[in-house]
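Just so you know, ligand 1 is whichever comes first in the structure, and atom 1 is the first atom listed for that ligand. Values in this document were obtained by computation on a predicted structure and should not be read as measured data. Residues take their numbers from the sequence shown, with the count starting at 1.
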Amino acid sequence: MSLLSQINTERLPHHIAIIMDGNGRWAKNKGLLRNIGHKNGAKTVKEVVETCAKIDIKYLTLYAFSNENWNRPKLEVELLMKLLISSLKKEVKTLQKNNIKLTTIGNINSLPTKVANELKDVVTKTKDNKRLTLTLALSYGSREELIKTVKEISLKVKNNLISPENIDKSVINNHLYNQNLPDVDLLIRTSGEQRISNFLLWEIAYAELFFTRTLWPDFNKENLFEAILNYQNRERRFGKTSEQLK
Ligand code: FPP
């Protein structure tokens with residue numbers, strides 16, 4: 001029986017986030033340049049995005065470039081930026097055809113102007129699409145995001161626009177990069193590493209974590225279905241007891 005047919009469509013994760021890891025190792029294992037790993041990683045991005053739209057996942061967030069990734073060799077960063085531009089140019093039609101809205105989180109203005117402009121263009125073109133919201137985390141770090149949030153709220157407190165006792169979860173949400181991003185239900189990390197690496201620390205409070213040894217360029221829709229099935233076999237208690245859930 002195919003994995004897809006085993007998925008309960010009533011209990012799909014609303015928001016899937018993915019730490020796409022292992023492009024470099026995939027290339028090294030094959031005696032290829034790291035850049036070829038990233039190019040093949042971009043093919044996986046396409047397959048995963050199209051599959052999520054097809055099976056009706058509402059939010060997909062991909063960790064495409066972290067704040068720490070700026071420390072990689074200059075040439076690798078340049079090639080990643082070029083790959084981002086070419087992927088955006090190539091895939092804008094696919095996003096439109098599949099009714100996918102592109103959004104971003106991260107310090108977008110720190111990206112090269114060409115990348116930032118291309119992103120803004122695709123975000124504008126797809127803003128009314130409704131089937132799936134695809135969010136790319138770029139020049140992103142969750143702690144930096146939380147620092148930004150604390151600074152903005154502190155300023156509002158200082159100017160008497162908000163009182164400290166009224167600061168709650170929704171106030172924090174309203175100061176994140178994207179105020180409409182819901183909590184993550186399922187977080188996937190490829191390549192065998194089992195860590196969070198400064199990704200969506202606020203939104204993953206109750207996420208189910210799925211780690212696979214598959215390297216990102218080898219990850220395919222069957223691996224995605226496997227992760228979703230694994231998620232559907234878990235009991236999400238949100239602090240309650242099993243009995244309370246029955
Ligand atoms: C991690 O693999 C991957 C990245 C840092 C970049 C992710 C980029 C892509 C998947 C390609 C393009 C993206 C889009 C959105 C079109 P790694 O280089 O850290 O692998 P390693 O740990 O094996 O070295």
Suppose we measure from [atom] to each protein heavy atom; which comes out shortest, and what is that distance?
atom	result
atom 13 (C) of ligand 1	Val45 CG2, 4.2 Å
atom 1 (C) of ligand 1	Met20 O, 3.1 Å
atom 9 (C) of ligand 1	Asn23 ND2, 3.7 Å
atom 12 (C) of ligand 1	Leu83 CD2, 3.8 Å
atom 11 (C) of ligand 1	His38 O, 3.5 Å

[X] bridged to [Y] by N-O distance under 4.0 Å:
X	Y	result
Lys130	Asp128	no
Glu193	Arg25	yes
Lys82	Glu78	no
Glu47	Lys43	no

I need the atoms of ligand 1 closer than 4.0 Å to a non-hydrogen atom of [X], numbered in the order shown.
X	value
Ala64	6 (C), 7 (C), 8 (C)
Gly24	17 (P), 18 (O), 20 (O), 21 (P), 23 (O), 24 (O)
Ser87	16 (C)

Contact check: [X] vs ligand 1, nitrogen or oxygen atoms, below 3.5 angstrom:
X	result
Arg72	yes
Arg34	yes
Asn69	no
Trp216	no
Glu76	no

Exercise. Apply side-chain hydrogen bond (donor to acceptor under 3.5 Å, both in side chains) to Asn173 and Trp202, showing your working.
Key: CA-CA 9 Å; Asn173 267 328; Trp202 177 259; 3.1 Å; yes
Practice problem: Mark yes or no: Lys30 above the aromatic ring of Trp26, with NZ or CZ under 6.0 Å from the six-membered ring centre and no more than 45 degrees from the axis. | Solution: yes
Exercise. Looking only at non-hydrogen atoms, find the nearest pair between Tyr59 and Leu132 and report the distance.
Key: N-CD1, 3.8 Å
Exercise. Heavy atoms only: give me the nearest Ile196-Leu201 pair and the separation to one decimal.
Key: CG2-CD2, 3.8 Å
Quiz item: Does ligand 1 have an atom under 4.0 Å from some heavy atom of Leu62?
Solution: no
Exercise. List the steps and the verdict of side-chain hydrogen bond (donor to acceptor under 3.5 Å, both in side chains) for Ser197 and Arg189.
Key: CA-CA 10 Å; Ser197 300; Arg189 182 170 188 149; 2.8 Å; yes
